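For clarity, every value in this text was computed on a predicted model and none was experimentally measured. Computed over heavy atoms, backbone and side chain alike; hydrogens, waters and symmetry mates excluded.
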Amino acid sequence: MTFADTASDRLETIGFRSTAPRRAVLQAIESAPSPFTVEDLLAEVPGVGRATVFRTIKLLQELEMMCRVPLEDGTARYQVSEGDHHHHLVCRTCGSLTEFSDPEIDARIAEQARARGFSLQGHSLELYGLCRACRER
């Protein structure tokens, strides 16, 4: 089953119809080089409204099927998520994103929040540097 099919099924399960514009967005996401911007996606679906693209991305994020990765310059990139809660390694040169999980980091973050009386409801962690390919160039 493709990403577009799986995403469409999951959206329908939570009460969202599989409309032609939404299917076009899902297919564009599936074929987009990762990571991509909303502008990249809009260029691939010229007949689809901006609001539909943003709503679809937001829903996919809520379903943990899509990641929003803030970059150092304040922009954001998106990519299909590989699974449960994770963090990102972001290459400053080529922009590649690599997901990683580390329960120890997550535990330390929760511990720091508790120690300060903070009710943690979520977090994201992006580490910026150079990927192996860019370092070797």
Side-chain angles (χ1 to χ4, degrees):
M1 187 174 262
T2 67
F3 169 80
D5 292 335
T6 303
S8 185
D9 288 350
R10 295 223 17 224
L11 288 168
E12 285 180 9
T13 323
I14 61 169
F16 292 91
R17 291 181 309 130
S18 179
T19 63
R22 185 168 288 134
R23 281 192 307 275
V25 172
L26 295 174
Q27 289 168 350
I29 289 170
E30 181 175 81
S31 62
S34 196
F36 59 87
T37 66
V38 170
E39 299 306 319
D40 295 335
L41 206 52
L42 285 165
E44 294 300 314
V45 289
V48 176
R50 190 175 190 82
T52 299
V53 171
F54 274 99
R55 259 193 316 270
T56 303
I57 288 174
K58 185 177 185 317
L59 288 167
L60 293 173
Q61 286 178 269
E62 290 170 6
L63 290 170
E64 297 183 348
M65 295 184 76
M66 171 102 9
C67 298
R68 177 185 186 277
V69 181
L71 301 182
E72 290 177 298
D73 65 3
T75 62
R77 299 283 187 277
Y78 296 87
Q79 74 175 20
V80 173
S81 176
E82 293 178 10
D84 294 334
H85 179 75
H86 58 271
H87 308 288
H88 299 103
L89 301 170
V90 182
C91 181
R92 286 180 162 160
T93 300
C94 71
S96 68
L97 300 177
T98 304
E99 295 182 3
F100 74 95
S101 296
D102 189 325
E104 289 180 28
I105 290 174
D106 294 336
R108 287 283 293 149
I109 289 170
E111 177 185 310
Q112 290 298 313
R114 263 191 317 277
R116 289 159 179 79
F118 186 77
S119 174
L120 185 65
Q121 297 176 344
H123 72 270
S124 65
L125 177 64
E126 282 73 42
L127 304 175
Y128 302 95
L130 299 177
C131 69
R132 181 175 308 194
C134 288
R135 258 194 359 264
E136 291 174 355
R137 283 187 209 142

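Between Asp102 and His87, the shortest heavy-atom distance links the atoms N-CD2, 4.5 Å. Taking every heavy atom of both residues into account, Gly95 and Pro35 meet most closely at O-CG, 3.2 Å. Shortest non-hydrogen contact noted between Leu120 and Ala113 is CB-CB, 3.9 Å. Considering every non-hydrogen atom in both Ser124 and Glu126, the closest pair reads OG-OE1, 3.7 Å. The two residues Glu99 and Gln79 come nearest to each other via the heavy atoms OE2-NE2, 3.2 Å.
Hydrophobic clustering (ILVMFWY, side-chain heavy atoms < 4.5 Å, transitive): Leu130 and Leu125 are in distinct clusters. Cluster annotation: Phe100 and Ile109 are assigned to the same hydrophobic cluster (Ile/Leu/Val/Met/Phe/Trp/Tyr, side-chain heavy-atom contacts under 4.5 Å, transitive). By the criterion of side-chain heavy atoms lying less than 4.5 angstrom apart, applied directly or through intervening Ile, Leu, Val, Met, Phe, Trp or Tyr residues, Leu127 is not grouped with Val69; the two fall into different hydrophobic clusters.
Separating the CZ atom in Arg17 from the CZ atom in Arg22 is a distance of 8.0 Å, to the nearest 0.5 Å. Atom CG of Asp5 sits about 7.0 Å away from atom CD of Glu30, to the nearest 0.5 Å. For the atom pair Cys131 SG and Glu136 CD, the distance stands at 9.0 Å (nearest 0.5 Å).
Between the side chain of Ser8 and the backbone N or O of Ala4 there is no donor-acceptor pair closer than 3.5 Å.
For Glu111, the salt bridge (Lys or Arg N to Asp or Glu O under 4.0 Å) partners are Arg108, not counting sequence neighbours. Partners of His86 according to the ring pair (Phe, Tyr, Trp, His ring centres under 6.0 Å) rule, which considers only residues two or more places apart in sequence or in another chain, are His88.
Other residues, nucleotides and ligands contribute over 12 non-hydrogen atoms within 6.0 Å of the CD atom of Glu62.
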Self-check item: Trace of the side-chain contact (heavy atoms from CB on, under 4.5 Å) decision for Thr75 with Thr37
Solution: CA-CA 9 Å; Thr75 62; Thr37 66; over 6 Å; no
Self-check item: Residues Glu44, Gln27; criterion side-chain contact (heavy atoms from CB on, under 4.5 Å); working and verdict
Solution: CA-CA 10 Å; Glu44 294 300 314; Gln27 289 168 350; over 6 Å; no
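Of the N and O atoms on the side chains of Arg116 and Gln112, at least one donor lies less than 3.5 Å from an acceptor on the other residue.
The shortest distance between side-chain heavy atoms of Val90 and Arg77 does not fall below 4.5 Å. Looking at Glu64 and His85, their side chains never come closer than 4.5 Å, going by heavy atoms from C-beta outward.
The other members of the hydrophobic cluster of Leu59, by chain and number, are Phe3, Leu11, Ile14, Phe16, Val25, Leu26, Ile29, Phe36, Val38, Leu41, Leu42, Val45, Val48, Val53, Phe54, Ile57, Leu60, Leu63, Met65, Met66, Tyr78, Val80 (side-chain heavy atoms under 4.5 Å, ILVMFWY only).
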